[in-house]
Amino acid sequence: VAVVQAIREVCGVEAQIKWPNDVLLEGKKLVGILTEMSAEFGHINYLVCGTGINVCVPKEMVPEDLRASAISIADVTGGKVDRVALLARVLDCMELYYQEACQNGFGAVFDQWRKYSITLGKQVKVIAPDKTYVGTAVDIDSMGALQVRKEDGTVETVLAGDVSIRPARGKGKYA
């Protein structure tokens, strides 16, 4: 949420979140976020969050097999991006949302996540370790899990796995 807000404010582009942690611009991957956590029951020892933002990488420097699915901010703005201003705003937003979560819980953060979501309301294909199914992403719950209404009307909670947003082809089947 902090990264999307900063990109929107500093660069003036409509970045969106693909659940759970990708940021897309014009339907292409702009940001990748990876986390690593060490925890024990009821206690987090540490959490490391790595964020890669494709700011100004020229298309010709992107591996050919990724060009169709990746984008940089400069591809859309057509000009130079102030990386220092962007980084400063990302860090400011992270601090603001961290303080908000510490003081009031994650409600406001989740509200913004829903607002910036490109996943909600879309037909998705969920590829989980034990099953694969198609449904509509209907919400992000208070734990950050994706709620998907399957074709039979039941709602599944997606905690992990791969969620693809793909337009249906033919009679509702995915390629």
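Source: prediction; values computed, not measured. When a residue number appears, it is its place in the shown sequence, counting from 1.
- Shown here are the side chain to side chain donor-acceptor pair (under 3.5 Å) partners of Glu40, two or more places apart in sequence or in another chain: Asn45.
- In the hydrophobic clustering, Tyr98 connects to no other residue, as no ILVMFWY side-chain heavy atoms lie under 4.5 Å from its own.
- Among Thr136, Val124, Ile17, the single residue meeting the side-chain contact (heavy atoms from CB on, under 4.5 Å) criterion with Thr119 is Val124.
- Residue Leu24 holds its CG atom at 15.0 Å from OH of Tyr116, rounded to the nearest 0.5 Å.
- The closest side-chain heavy-atom distance from Val31 to Ile7 is below 4.5 Å.
- Interatomic distance, NZ of Lys125 versus OH of Tyr133, reported as 13.0 Å (0.5 Å rounding).
- Scanning for side chain to side chain donor-acceptor pair (under 3.5 Å) contacts around Ser72 gives Asp75, with sequence neighbours left out.
- Between Phe110 and Phe106, the ring planes are tilted. Angles from 30° to 60° get that label.
- Rounding to the nearest 0.5 Å places NZ of Lys18 at 9.5 Å from CD1 of Ile118.
- For Met143, the side chain to side chain contact (heavy atoms under 4.5 Å, CB included) criterion is met by Asp141, not counting sequence neighbours.
- Counting only heavy atoms from C-beta outward, the side chains of Ile71 and Asn54 never approach each other to under 4.5 Å.
- Each salt bridge (Lys or Arg N to Asp or Glu O under 4.0 Å) pair with one or both residues in residues 101-116, not counting sequence neighbours, appears once here: Asp111-Arg114, Arg114-Asp139.
- Panel note: side chain Trp113, backbone Trp19; no donor-acceptor pair is recorded below 3.5 Å.
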Given the rule in the side-chain contact (heavy atoms from CB on, under 4.5 Å) test, do Leu146 and Leu120 qualify, once you have shown the distances and angles that lead to the verdict? CA-CA 9 Å; Leu146 185 65; Leu120 295 180; 4.1 Å; yes

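- Closest approach of Val1 to Gln112, counting heavy atoms only: CG1-CB, 3.5 Å.
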Name every donor-acceptor pair, under 3.5 Å, that has one atom in a side chain of residues 83-97 and the other anywhere in the protein, sequence neighbours excluded.
| from | atom 1 | to | atom 2 | distance (Å) |
| --- | --- | --- | --- | --- |
| Arg89 | NE | Glu9 | OE1 | 2.5 |
| Arg89 | NH2 | Glu9 | OE1 | 3.0 |
| Glu95 | OE2 | Gln99 | NE2 | 2.8 |
| Tyr97 | OH | Gln5 | OE1 | 2.5 |

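- Annotation: side chain of Leu25 is in contact with side chain of Val76 (closest heavy-atom distance under 4.5 Å).
- The salt bridge (Lys or Arg N to Asp or Glu O under 4.0 Å) contacts involving residues 22-35 comprise Asp22-Lys29, where partners must be two or more places apart or lie in separate chains.
- In this structure, Thr51 OG1 and Ile33 CD1 are separated by 4.5 Å, a value rounded to the nearest 0.5 Å.
- Under the side chain to side chain donor-acceptor pair (under 3.5 Å) criterion, Thr157 pairs with Gln147, sequence neighbours left out.
- Partners of Thr154 by side chain to side chain donor-acceptor pair (under 3.5 Å), not counting sequence neighbours, listed by chain and number: Asp152.
- The hydrophobic cluster containing Val138, built from Ile/Leu/Val/Met/Phe/Trp/Tyr side-chain heavy atoms closer than 4.5 Å, comprises no other residue.
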Which atom pairs, one a donor and one an acceptor, fall under 3.5 Å between side chains of residues 57-65 and the rest of the protein, sequence neighbours left out?
| from | atom 1 | to | atom 2 | distance (Å) |
| --- | --- | --- | --- | --- |
| Lys59 | NZ | Arg67 | O | 3.1 |
| Lys59 | NZ | Ala70 | O | 2.8 |

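- Residues meeting the salt bridge (Lys or Arg N to Asp or Glu O under 4.0 Å) test with Lys131, sequence neighbours left out: Glu156.
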